[in-house]
Amino acid sequence: MYASLRRLLNNGNWNWKSRTVVFSTVDDSNDSSANMVDDDDGFMLRGTEDLVIEENELVATKKALYEARARQEAIEKERDQLLEELAQSQAKQQEHVATILRDKEVAITELEAAKSLFHNKLQESVEERFTLESKLVLAKQDAVELAVQVEKLAEIAFQQATSHILEDAQRRVSAAETSAAEAAFHIEEQIRIATEGTILSIVEQSKDAIEKALDVAEKAGDYATRAVAVFTDGINPVDEIASVQSENIKLQGILNDLESQLLITRNEIAKLKVELEQVNAQAKASELRAEDAEKALLEFQESNREMTIQREEEINSLLEKMKKDAAEKKKAASKAFKAELESIKAAIKAAKETAHSRNEAYMRRCEALQRSLRASEAASKMWKHRAEIAESLLLKEEEDEDAIYIVNGGRIDLLTDDDSQKWKLLSDGPRRETPQWMARRIRSIRPRFPPRKIDVSEALTSNFRPLDLPKPDEVWSIAQEKLKERDTLIEHVIEKETIEKKRKALERALQRKTIQWQKTPEETKLEPGTGTGREIVFQGFNWESWRKQWYLDLAPKAADLSRCGVTAVWLPPPTESVAPQGYMPSDLYNLNSAYGSVEELKHCIEEMHSQDLLALGDVVLNHRCAQKQSPNGVWNIYGGKLAWGPEAIVCDDPNFQGKGNPSSGDVFHAAPNIDHSQDFVRRDIKDWLNWLRNDIGFDGWRLDFVRGFSGTYVKEYIESSNPAFAIGEYWDSLAYEHGSLCYNQDVHRQRIVNWINATGGTSSAFDVTTKGILHSALHNQYWRLIDPQGKPTGVMGWWPSRAVTFLENHDTGSTQGHWPFPRDKLTQGYAYILTHPGTPTIFYDHFYDFGFRDVITELIEARKRAGIHCRSSVKIYHANNEGYVAQIGDALVMKLGQFDWNPSKEINLDGSWQKFVDKGSDYQLWLRQ
């Protein structure tokens, strides 16, 4: 540049052949000035002053070039930094792309799983539909066969009844006809005999009379002959006449006798005629009776025909009703199937939409990242181009005469092309001043480039980031972030979520039993010792549950437990423990146990709450294992948040050298027993229980080994934490004599009642007495189930609202088997505790592993239908070697054993009863109609 300037001065040629423009921009603001001198024929230098000014400008230009070289170094450093950032951004982009592809594969896998689940459910639904249709066809066939059989039986019965009546009537008519014919024959015979006898006697008498008359006439002729002869011979005729007259008198007497006999015979004939008329009247009466019998028979046949027609109509109506019911059931099943299918489709559609929206979100974020990367690449290219320009300026000593450089606020631009748009704009004349509104708009939309950083410390401490990309985990969290208001499609998504929640709530409501008991004040009133009074507790673990991820395994079962009627779930001990089962706790605030992490525990509790189930925590307050040894080598120094010392351990525990007060109960020798008389111990335990209650979500407690400390402390803990339900484990030995269980167990149940009384009734207790008695009573010793006062023999008989009945738990059963319940008597045992007052407890192994789920669910249904609660009354009717019969409440009667009994045989049992469950000699249940 200096050489060219010297050539111009020496030659004295001040003509500039090309257009020369000097443009200066002080800063990047909108206030700019432009000066231009244009002369086509050249121009004359204005003296030495102008030369001095030009030299000063050249010196300033040289300084600017040196500054540009320094800036070039800074630019190279910043370029290297940008290249590194570019490489990092490319690596991050690759990671993001890999993450997005992996998430896409996961989403596709989930979608395929949902699709396969849908197909499986669809196949199951189709199979179930086919099964229902086949059952419906079979039911129709059975109904038709039943109707045909009923019709045949009715026809046979009608024929039999009609034939019997016809035969009876025919026999009666034939008997009447026979008797009438016999009577008529006898009468006719008697008349004939009498008439013949009378006529014969009359004829004979007439013959005799005629013969006598002839004899008399002959004698008279003889007399007359003799008289004549005498008269002729001189016999006296007067004497003869007198003899004749005497003979005539005799004949007159005989005639009179004959007339009298004829009158008598006539009278007898009249009597016989009267008797004949009576016989004829009787015969007519018999004929009338026969006609009446025939009319009655016809009327009976007509009524039977009408009854048969009526029965046929009733059978037809019954068949029509059965067909309608079957059609309605089929429609309802089809409707339910369609609804379930629609819900599955909606769920799959929602899953697809969720996956699609997630994929779109990923793609949008990818596009944003790509745009950011492209912007960073463009910025890098621009800075690289500017660095190359500056480098070329610094390296070249001589430039093209037509070229000119422009100082632009520390940045250098070259205009070497005459046809450049910038040149044209500049050659047209000075630009107008930019309006403020346009400047503000340009300032709002122009890209912001990072400021120049010369000092490294300034660059490191600067808050400006040229390309601030999110980390992969931040990208994932953004993708998984819950939707907020005013987001894209938020109203649609919220509406879908609301509909899904309502659908799930409706399904839960439909899956619950339709028969609900009427709420009473004692049900709605919550007491720590009883809960609602209608609780059914489920022990949700066994001794080996710690070997699995138990919280994740138990959480999906919440819906099934709720459907079956369970109201509370007893969870395993949640704290960190020396023993994996959780009953040797150490750090009480560390809830990462062998059963799962604290997040999994919270998820499990949330699942229980979503199904309206209480979550009962198993808390061990009697003992706690220490984390450190004392100088004597004894493990009695605690760590964690509750950093206690030996003063927190009872002094009468010989193994751990405690410095507290003596124990208020029995000593548990396997771990240091906590001294609950210390104020700081009770304060820390109450804070811990409230933390479990409020932060973790537990609703109540199962208190382990409460024999180790007084029930008054339990009362204080319960009143502080205010649980919905609390159960204490007061396990004590029953009374035995010569190896056999004693009948009287009042002392045993009195100890449990005393502990409940010490808690002020704020806690219930496991009814160990009832469990021990059931072991023997169900082996045909049912008389053990009634005490001398006629009440149940366990804690249930004295304080039923605080008695928690059970058959087995993780200690008595499972793999420990300290006191297992007889396997063949489990159903009878559950029939007893689920139909009697108190709060029944169901063991996990029995419900899911032993296959008694349906049996237990049926018994729970009977308990709910009868409205049995923890205070229900018990009236025992029979308890002997053969069986046990009792009425619980007002609506349920149950029988155990082979005792031959039903409600109709009980004189003191009123009302109408319907059998609900019939398990033969095991147990039977009746519900009041």
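Keep in mind the model is a prediction, meaning the values are calculated, not measured.
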Only counting residues at least two apart or in another chain, list the ones meeting side chain to side chain contact (heavy atoms under 4.5 Å, CB included) with Arg547.
Glu544
Using salt bridge (charged side-chain N to carboxylate O under 4.0 Å, His left out) as the criterion, list what pairs up with Lys915, not counting sequence neighbours.
Asp918
Are the aromatic rings of Phe899 and His878 close, with centres under 6.0 Å apart?
yes
Is the distance between the ring centroids of Tyr844 and Tyr848 less than 6.0 Å?
yes
Do the two ring centres, one from Phe847 and one from Phe538, sit under 6.0 Å apart?
yes
Please confirm whether the ring centroid of Trp901 lies under 6.0 Å from the ring centroid of Trp926.
yes
Do Val650 and Ile674 touch side chain to side chain, with heavy atoms closer than 4.5 Å?
no
Which residue pairs pass the side-chain hydrogen bond (donor to acceptor under 3.5 Å, both in side chains) test when at least one of the two sits in residues 734-747, sequence neighbours left out?
Asp746-Arg749
Please report whether the ring centroid of Tyr830 lies less than 6.0 Å from that of His846.
yes
Cation-pi check, Arg823 onto Phe850 ring (under 6.0 Å, within 45° of axis)
yes
Can the positive tip of Lys771 be found less than 6.0 Å from the middle of the six-membered ring of Phe766, inside 45° of the ring normal?
no
Decide, yes or no, whether a salt bridge links Arg563 with Asp560 under the criterion of side-chain N to carboxylate O below 4.0 Å.
yes
SB check Asp922 Lys825 (cutoff 4.0 Å):
no
Whether Phe821 and His775 hold their rings parallel, tilted or perpendicular, with breakpoints at 30° and 60°:
perpendicular
Are Glu606 and Lys602 close enough for a salt bridge, meaning some N to O gap below 4.0 Å?
no
Which word best sums up how the rings of Tyr583 and His810 line up, parallel for under 30°, tilted for 30 to 60°, or perpendicular for over 60°?
parallel
Below 6.0 angstrom between ring centroids: does that apply to Trp570 and Phe541?
yes
